[in-house]
Trainee: 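One structure coming up, written as structure tokens, with questions to follow.
Positions are given from 1 along the sequence.
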Amino acid sequence: MICWKPLGFLVVLLAGGVLPSRMAEGARGDRPPNVLLILADDLGVEGLGCYGGSSYRTPNLDRLAREGVRFTHAYAQPLCTPTRLELMTGKYRFRNWVAFGIMDPKERTFGHRMRENGYATCMAGKWQFTSYDPLDYPGAAARRGIGMQVKDAGFNEYNLWHTGHTEDKGSRYADPTVCENGRLRTLKGKYGEDVWVDFLGDFMARHRDRPFFAYYSMALPHNPFSPAPDTPAWSDPAKRHEDDPRHFTGMVEYLDKSIGRLIARVEELGLRENTLILFYSDNGTNQKIVSRFRGAEFRGGKGLTTDAGTHVPLIASWKGTTPAGRVCDDLVDATDFLPTLLDAAGGKRPAGLDGRSFLPQLRGRKGQPREWTFCDYDPRPGWDKDQFTRYVYARDRRYKLYDDGRFYDVTADPDEKKPLRVEDGGRAAQSARRKLQSVIARMKASK
């Protein structure tokens, strides 16, 4: 496994001989907010109580929603790498895609951007952007190890799983294998999420006097479906590496507990009123999982372009700034996070981004919400990805149009079983169809 040592934080911060302007402002008491961005791995809206889910106890995220803004129309791509690439770069997948589990090493991540704006930067959890294919997978020889190395990704500090080749990645849960600031090790008896929560908590404590950007790229609740540390099965070391969907409930609830620990740490440090906390997910829940959602059974849709695969939670809380309990139905997708972070940091938006800032909505203002979101989805090439195909579509809050002409009222038909004919739906549907056709045409022309 490849694991690189990072540049020292002090050296990076002082490069050029002066502190960045944002840092100078902080010294005067008007510093920009800290940002804690939390990304779940495979969790649709049905997983949280505040969205109407009833299978799992999520008191910490439900409280976060009560204290901040809950978005009802946040969307992601159907699989992790496409979403995570958009999230970190602010660009739609078709602009910078290389292969599944690989980020172009020439890309600029939100780690780079926030560091350039005077932030101390940290990432903990799942990486999976350097190499993905096993040795014997067709085409692997041309792709192995060509992605973004952790040391070059814009983070002053990191503690990450899967920083090298797929077959060497080790466990993400029990006895995790992690690369911590250049040191690779397997932590026997530990649990990955506990390691990362502690790491992030220590980072925030050490950088409490300057703006920080902490990105918690969670492993939970992605399979393997293994026991969480507070479940009875964990007490038997022989069962800690099981893969059984019956453990999923404990995994979601431990996700919530881990986030609760991080929020508590922010509060202990006296930083709650100057820290923007964002919670999002990279795609819908695994298709093996059936949950109770708004009084009915709901099967996860990871990998599918339906709502079950793409409709994800987004909660934002900045105590004293976000209106408590606000529910916002504005459209948001993964490309919108980088512009939002730069707005919060007081930084300039670089050319070539696709996203739109939703920071005004977090301040209780109208802002300039999207009228549509766009998705060009194709996770190939990559191991186990030949089962997928390419889908291109645009949608608004109610209607969804694919580039092959299929058109749905997703409010009435979230599983996309009954495509609307051109003459169906009246003037509202016809107007939406024309708008979304124009979006797809513009996006294809912009490649």
Side-chain angles (χ1 to χ4, degrees), residues 36 38-68 70 80 124-126 161 171-176 189-198 200-201 216-237 239-267 277-302 308 311-315 317:
L36 172 59
I38 305 168
L39 182 72
D41 197 350
D42 295 3
L43 187 67
V45 291
E46 79 279 7
L48 302 187
C50 58
Y51 280 91
S54 56
S55 291
Y56 320 105
R57 292 169 294 179
T58 55
N60 293 296
L61 285 167
D62 296 345
R63 178 171 71 105
L64 197 70
R66 291 194 301 271
E67 294 174 347
R70 178 172 64 86
C80 62
K126 173 181 174 179
W161 168 80
S171 170
R172 73 195 83 182
Y173 295 131
D175 309 316
K190 300 289 187 179
Y191 188 73
E193 303 293 351
D194 291 341
V195 172
W196 298 321
V197 167
D198 289 344
L200 289 164
Y216 183 17
S217 176
M218 301 188 79
L220 285 169
H222 194 291
N223 59 299
F225 302 121
S226 304
D230 59 353
T231 60
W234 178 264
S235 62
D236 183 355
K239 295 182 178 180
R240 291 181 181 177
H241 293 276
E242 284 184 344
D243 184 1
D244 190 322
R246 67 188 174 89
H247 296 303
F248 187 76
T249 297
M251 295 172 76
V252 173
E253 295 182 357
Y254 206 77
L255 171 149
D256 184 79
K257 290 179 181 178
S258 299
I259 293 170
R261 285 183 55 206
L262 263 185
I263 295 171
R265 185 61 171 147
V266 172
E267 292 171 344
I277 301 174
L278 296 162
F279 174 78
Y280 183 59
S281 181
D282 61 3
N283 50 249
T285 307
N286 191 295
Q287 293 184 45
K288 293 181 179 179
I289 304 300
V290 177
S291 309
R292 295 290 297 178
F293 182 53
R294 298 174 182 170
E297 288 192 345
F298 188 96
R299 182 173 293 278
K302 175 182 176 178
H311 189 195
V312 295
L314 170 55
I315 300 169
S317 178

Trainee: Evaluate the side chain to side chain donor-acceptor pair (under 3.5 Å) criterion for residues Y216 and E193: first the C-alpha distance (whole Å), next the side-chain angles of each, then the deciding distance (0.1 Å), finally the verdict.
Mentor: CA-CA 10 Å; Y216 183 17; E193 303 293 351; 2.4 Å; yes

Trainee: Distance from L314 atom CG to L278 atom CG, nearest 0.5 Å?
Mentor: 7.0 Å

Trainee: Rounded to the nearest 0.5 Å, what's the gap from CG on D194 to OH on Y254? Could you check?
Mentor: 3.0 Å

Trainee: Just verifying a value: how many Å separate L64 CG and F279 CZ, rounded to the nearest 0.5 Å?
Mentor: 9.0 Å

Trainee: Using a 3.5 Å distance criterion without hydrogens, assess whether the side chain of T58 forms a donor-acceptor pair with backbone atoms of G49.
Mentor: yes

Trainee: Please report the shortest heavy-atom distance between D41 and C80, naming the atom on each side.
Mentor: OD1-CB, 4.2 Å

Trainee: Could you check if a side-chain atom of M218 sits within less than 4.5 angstrom of a side-chain atom of K126, using non-hydrogen atoms only?
Mentor: no

Trainee: I'd like to know if the side chain of R299 reaches the main chain of Q287, judged simply by a donor and an acceptor atom lying under 3.5 Å from each other, with no hydrogens or angles considered.
Mentor: yes

Trainee: Could you tell me whether a side-chain N or O of R240 sits under 3.5 Å from a main-chain N or O of W234, the two making a donor and an acceptor?
Mentor: yes

Trainee: Less than 3.5 Å apart, any donor N or O on the side chain of K302 or H222 sitting next to an acceptor on the other?
Mentor: yes

Trainee: Hey, what's the ring geometry for Y173 with Y191, parallel, tilted or perpendicular (30° and 60° as the breaks)?
Mentor: parallel

Trainee: Keeping D175 on the side-chain end and G189 on the backbone end, is there a donor-acceptor pair under 3.5 Å?
Mentor: yes

Trainee: Report yes if some heavy atom in the side chain of F225 is under 4.5 Å from a heavy atom in the side chain of N286; otherwise report no.
Mentor: yes

Trainee: Are any non-hydrogen side-chain atoms of I259 and L255 less than 4.5 angstrom apart?
Mentor: yes

Trainee: Do D282 and V312 touch side chain to side chain, with heavy atoms closer than 4.5 Å?
Mentor: no

Trainee: Return the OG1 to NE2 distance between T285 and H311, rounded to the nearest 0.5 Å.
Mentor: 12.0 Å

Trainee: What is the minimum heavy-atom distance between G201 and L262, and which atoms define it?
Mentor: N-CD2, 4.2 Å

Trainee: Do F293 and V45 have side-chain heavy atoms sitting under 4.5 Å apart?
Mentor: yes

Trainee: State whether R261 and D198 are salt-bridged, where the test is any N-O pair (Lys NZ or Arg NE/NH1/NH2 against Asp/Glu carboxylate O) under 4.0 Å.
Mentor: yes

Trainee: Verify, without hydrogens or angle tests, whether R294 (side chain) and E46 (backbone) share a donor-acceptor contact under 3.5 angstrom.
Mentor: no

Trainee: Using a 4.5 Å cut-off on heavy atoms from C-beta on, say whether the side chain of T249 contacts that of S55.
Mentor: no

Trainee: Would you name the heavy atoms of A124 and L200 that are closest together and state the gap between them?
Mentor: CB-CG, 3.8 Å

Trainee: Does any N or O in the side chain of D42 come within less than 3.5 Å of the main-chain N or O of P221, such that one atom is a donor and the other an acceptor?
Mentor: no

Trainee: Taking the side chain as every heavy atom from C-beta outward, state whether W161 and V195 have any atom pair closer than 4.5 Å.
Mentor: no

